[in-house]
*Asks:* 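If you scroll down you'll find the structure; I have some questions about it.
Whatever order the structure lists them in is the order used to number ligands and atoms, beginning at 1. Bear in mind that the values here come from a model prediction, so they are computed numbers and not experimental data.
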Amino acid sequence: MNRSVVRVDNLHKQFRSGGETVAVFHGLNLTLAPGGSLALMGRSGSGKSTLLNLLSGLETWSRGRISLFGDELTAGDSLHWSELRRKRIATVFQEANLMPAMTLTENVQLRASLAGHDRVDAQGWLDRLGVGALAKRYPDQVSGGQRQRAALAMAFAMQPALLLADEPTGSLDLHTADDVADVLFTFQREQGCPMILATHDSRLAERCGQIHQLADAA
Ligand SMILES: Nc1ncnc2c1ncn2[C@@H]1O[C@H](COP(=O)(O)OP(=O)(O)OP(=O)(O)O)[C@@H](O)[C@H]1O
Ligand SMILES: [Mg+2]
């Protein structure tokens, strides 16, 4: 029985831009067990964001297999992927994706309700991420690091079955980064939520159960 939450077998991914081909993955293998945490490390351009996009169904691949929650997915199955993104997979990207016309609280509430959770303590999640005092502000009225923390609050509030976060501490000072890491690992422990964190932050990576080092893209 396949008990992995994430299973990637022999994955090949290349981009073509102009006349050039960038081979990002040629035979990538990776698994994440229920409740586990994995740090995705590698130099800039090694494919961390690309892999998170692939695991969210936002990129296609040429060869290999991706299985999530025991089901093998195909790149073209957009209905299945969008259902997963709405209800089960929380993604926090490098550029936090908040609705600009909504306050931080409203953004958290909306994300949770799209996942089927209408009674959510949006203020409580924003408090835990240290941005509770900014709850009534709009995304363009807060800093990049504060927006990213609001995006994490949105991810937690949807009670995902898998959390994918791209550089969740990337724009934070050391002290705030440690606070956010504490919240992330507390969430993982309390909810048993498996997570993959793309990061250059070795302090964050060392707290994960496994570290996967990506080779440079060719
Ligand atoms: N749409 C695209 N078209 C062509 N090449 C792309 C595209 N998206 C990414 N790439 C290339 O694929 C490689 C992997 O990019 P990716 O963004 O996944 O790297 P990363 O590890 O997340 O880097 P960083 O640490 O800078 O965020 C890079 O060489 C990048 O230039
Ligand atoms: Mg990246």
*Asks:* Using a 4.0 Å heavy-atom cut-off, which part of T50 comes near ligand 1: side chain, backbone, both, or neither?
*Replies:*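 Under 4.0 Å from ligand 1, T50 contributes backbone and side-chain atoms.
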
*Asks:* Identify, with sequence neighbours excluded, every residue that meets salt bridge (charged side-chain N to carboxylate O under 4.0 Å, His left out) alongside D182.
*Replies:* R207

*Asks:* Yes or no: does H200 have any heavy atom under 4.0 Å from an atom of ligand 1?
*Replies:* yes

*Asks:* State the OG1-CZ distance between T21 and R16, to the nearest 0.5 angstrom.
*Replies:* 5.0 Å

*Asks:* Taking only non-hydrogen atoms of S46, do any sit less than 4.0 angstrom from ligand 1?
*Replies:*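 S46: in contact with ligand 1 (<4.0 Å).
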
*Asks:* Does an N or O anywhere in G45 fall below 3.5 Å from an N or O of ligand 1?
*Replies:* yes

*Asks:* Quick check: does S17 get an N/O under 3.5 Å from an N/O on ligand 1?
*Replies:* no

*Asks:* Locate the shortest heavy-atom distance separating Q109 from A122; write the atom from each residue and the value.
*Replies:*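 Looking at all heavy atoms of both residues, the closest pair is CG-CB, 3.9 Å.
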
*Asks:* How far apart are the closest heavy atoms of P139 and N107, and which atoms are they?
*Replies:*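 Smallest heavy-atom distance, with atoms named: CG-ND2, 3.9 Å.
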
*Asks:* Quick one: give me the number of protein N/O/S atoms under 2.8 Å from the Mg ion (ligand 2).
*Replies:* 2

*Asks:* Tell me who clusters with F156, hydrophobic residues only, linked when side chains sit under 4.5 Å apart either directly or through other members.
*Replies:*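 V92, L98, L104, V108, V120, W125, L126, L129, V131, L134, V142, L152, M154, L163, L172, V180, V183, L184, F185, F187, M195, L197, L204, all in the cluster of F156.
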
*Asks:* Suppose clustering is done on Ile, Leu, Val, Met, Phe, Trp and Tyr with side-chain heavy atoms closer than 4.5 Å. Which residues sit in the same group as M102?
*Replies:* M99, L110, L114

*Asks:* If you round to the nearest 0.5 Å, how far is CZ of R63 from NE2 of H26?
*Replies:* 11.5 Å

*Asks:* Output yes when the distance from some N or O of ligand 1 to some N or O of F15 is under 3.5 Å, and no in every other case.
*Replies:*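 Such a contact does not occur with ligand 1.
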
